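The shown structure was predicted, so the numbers you read here are calculated from the model rather than taken from an experiment. Both backbone and side-chain heavy atoms feed into the values below; hydrogens, waters and symmetry mates do not.
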Amino acid sequence: GPSDNNTEFQYKVNAEEESSFQLVDTAKTATVRRFVTPAARRRQHTQRLRQVNARRQQQQQQNPQMQNFSKSRNGRRPYRPRQNNRNYGSRVDRQASVSVQPDWVQVEELDLAKLTKNLTASTESPKSVQDVLWCGFMDQYNDAYDKVAARQPVPLKRNETKEFYPVTTTDDPVLENLAINDTGNVFITDSILSHLMTCTRSVYPWDVVVQKLPNGTLFFDKRDNSQFDYLTVNETAYSQPDDQEGINTPERLSLEATMIHQNFSQQILKSKASRSNLELPNPFFDEEDNDGMEPASVAYRYRKFVLGTDTELVCRTELHGHVKKTQRMTAFALNEYPTTGTIAWRDKLDSQRGAVLAQELKNNSFKLAKWTAQSLLSGADQMKIGFVSRTSPKNAYEHVILATQFYRPKDFATQITLSEGNMWAMIRMFIALLRKQKDGKYVLMRDPNKAILRLFKVPPGTFEDDDEEEEEE
């Protein structure tokens, strides 16, 4: 079929990695009985104007332009200019994160480069922030990890029993309940919100699905099977990773970074003894059907941000642990991607951590801004960043922690020139943009090769092919 022509753009995953790492499919969790009985739930499903986002995205039809391109070259690899010509060095033709269908209608186009300069929306902080609900639990930070140094690294352990739940907005039973009770009129998760707030830094393609209900309520979602929850590596570097095969393809690096981040966030916490349970248990964990897994230490803090008289935004934010009883923290891991011309972490982390961080800010500006925004949204007192490296450059499966560092999210935001005012102006701008549109379903996507955002109006059933059977089960 047409998709054979472009095998190098297809997502390749190696079996060993796949078996040890998965983002959790939340198909089952939509039937959590903790909040609503199944019968009531089915009634809500039929009443609701929208179905939950697609479980399995339809086989992406190849981007027609790419198809013709590969045909014209007899299906050979597309021509890539030699790397020594500086102007061409970092040109890679990427494919869109989702293929635009013939029945999608473009309603808006925004220039990402000009967005921050021309932000007309208010840069005020929210008028008020309220905690609506706390779910899950938090374990205590193990301060032995403050002492880790590149001279005495600590092996990163693989966590086989902890379950992570990157659940999208419409699959979250708590957000659904809050929407039914009119708790707000914009519903979103912290990963989508922080992404939109900092998206002017993005380089790789991405997409977000938005539904506008007849009463004006907005739901921001990510597609199932999208790359949304995978961390990127060196996305904002002068030349991004571009190996076509092996352990350093952008996709494999992304999988590796995500796995490192999850393992790190749990390893730096103490055992259950110091756990603090919150009002309600983890809403996505099914006690009867858990296969010996347990939820990772995450507190879901559902918060309402009042952005103005007519905008109440409800967001599920996350905290990952607590420090010294009173302080709450988030945890993230940066991982070393060894390329020529970069500072070797083992040589510099102990003596010149600032230089290493400056390099990361250049190469991973979007990822770091997103983490900082997530930490600010969740009201974290501290943000823990781990510096993790491969045990040897050719081994993408074994890693060591070389250092960890606490930052105060507000100070860190200043350091990386992330303005909280601009973050709120960005989301106000997106809300206003969608409020101008008719009711229905929209896809907001970043162009794969140009700094442009496009908003498409899409048919209501888009991405919902397989949903019907799943609901019946």
Side-chain angles (χ1 to χ4, degrees), residues 1-25 56-63 66-67 69-70 77-78 80 83 90-99 156 158 164 166 191 195 201-208 222-264 332-339 342 360 363-368 370 388-390 393-399 445-449:
S3 56
D4 302 342
N5 295 336
N6 251 337
T7 47
E8 77 213 55
F9 287 101
Q10 302 299 312
Y11 196 82
K12 303 190 188 71
V13 179
N14 127 319
E16 182 186 344
E17 221 156 351
E18 186 72 326
S19 65
S20 65
F21 172 75
Q22 77 267 26
L23 282 170
V24 179
D25 172 26
R56 284 177 226 84
Q57 189 202 345
Q58 64 236 69
Q59 246 342 91
Q60 280 198 13
Q61 288 150 354
Q62 205 84 51
N63 172 336
M66 285 309 301
Q67 234 168 293
F69 183 44
S70 13
R77 267 171 48 168
R80 301 269 304 285
Q83 292 293 9
S90 50
R91 259 211 65 95
V92 177
D93 269 337
R94 297 191 190 87
Q95 284 188 291
S97 55
V98 59
S99 48
L156 183 72
R158 282 198 166 196
F164 292 82
S191 68
H195 187 102
R201 298 177 182 227
S202 67
V203 173
Y204 290 160
W206 51 266
D207 61 278
V208 167
K222 54 179 196 239
R223 270 182 312 110
D224 276 17
N225 314 7
S226 70
Q227 292 302 300
F228 208 88
D229 290 299
Y230 290 92
L231 300 176
T232 62
V233 176
N234 282 24
E235 173 173 354
T236 56
Y238 173 70
S239 52
Q240 290 98 2
D242 59 356
D243 284 17
Q244 301 300 329
E245 56 244 354
I247 56 173
N248 291 334
T249 65
E251 297 81 9
R252 295 285 294 282
L253 286 169
S254 175
L255 204 58
E256 179 187 359
T258 309
M259 193 162 72
I260 288 172
H261 161 68
Q262 293 191 345
N263 288 332
F264 173 79
F332 304 98
L334 285 166
N335 58 309
E336 182 174 25
Y337 168 59
T339 52
T342 53
E360 286 303 296
N363 295 342
N364 291 294
S365 149
F366 182 37
K367 177 164 76 173
L368 279 158
K370 228 164 121 171
V388 178
S389 183
R390 294 175 180 173
K394 300 266 186 296
N395 179 351
Y397 303 102
E398 319 249 323
H399 299 89
M445 62 191 285
R446 187 200 191 281
D447 184 279
N449 298 302

### Query
Under the salt bridge (Lys or Arg N to Asp or Glu O under 4.0 Å) test, which residues partner Asp447, sequence neighbours left out?
Arg454
### Sequence-distant partners of Glu235, salt bridge (Lys or Arg N to Asp or Glu O under 4.0 Å), two or more places apart
none
Report the residues that fulfil side-chain hydrogen bond (donor to acceptor under 3.5 Å, both in side chains) with [X], sequence neighbours left out, ordered by chain and then residue number.
X	result
Asn234	Asn364
Ser365	Arg201
Asn335	none
Lys367	none

Looking at residues at least two apart in the chain, or sitting in another chain, which of them share a side-chain contact (heavy atoms from CB on, under 4.5 Å) with [X]?
X	answer
Pro205	Arg94, Ser97, Pro448
His261	Leu231, Phe332, Ala333
Ile247	Arg252, Arg390, Ala396

### Message
If I compare all heavy atoms of Thr258 with all of Tyr230, which pair ends up nearest, and what's the gap?
### Response
OG1-CA, 3.4 Å
### Heavy-atom closest contact (Arg223 atom, Ser226 atom, distance)
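Scanning both residues, the minimum pair turns out to be O-OG, 3.0 Å.
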### Criterion side chain to side chain contact (heavy atoms under 4.5 Å, CB included) against Tyr337, the qualifying member of Ser389, Pro241, Pro393
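That would be Pro241; it is the only one of Ser389, Pro241, Pro393 passing the side chain to side chain contact (heavy atoms under 4.5 Å, CB included) with Tyr337.
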### Query
Hey, does Ser191 have a side-chain heavy atom less than 4.5 Å from the side chain of Asp229?
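With C-beta onward as the side chain, the pair touches.
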### Query
Leu334 versus Leu368: any side-chain heavy-atom pair under 4.5 Å?
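Answer yes - side chains close enough.
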### Task
For this output row, return yes or no: ring centroids of Phe264 and His399 closer than 6.0 angstrom.
no
### Query
Okay, side chain of Thr236, backbone of Asn363: is any donor-acceptor separation there less than 3.5 Å?
yes
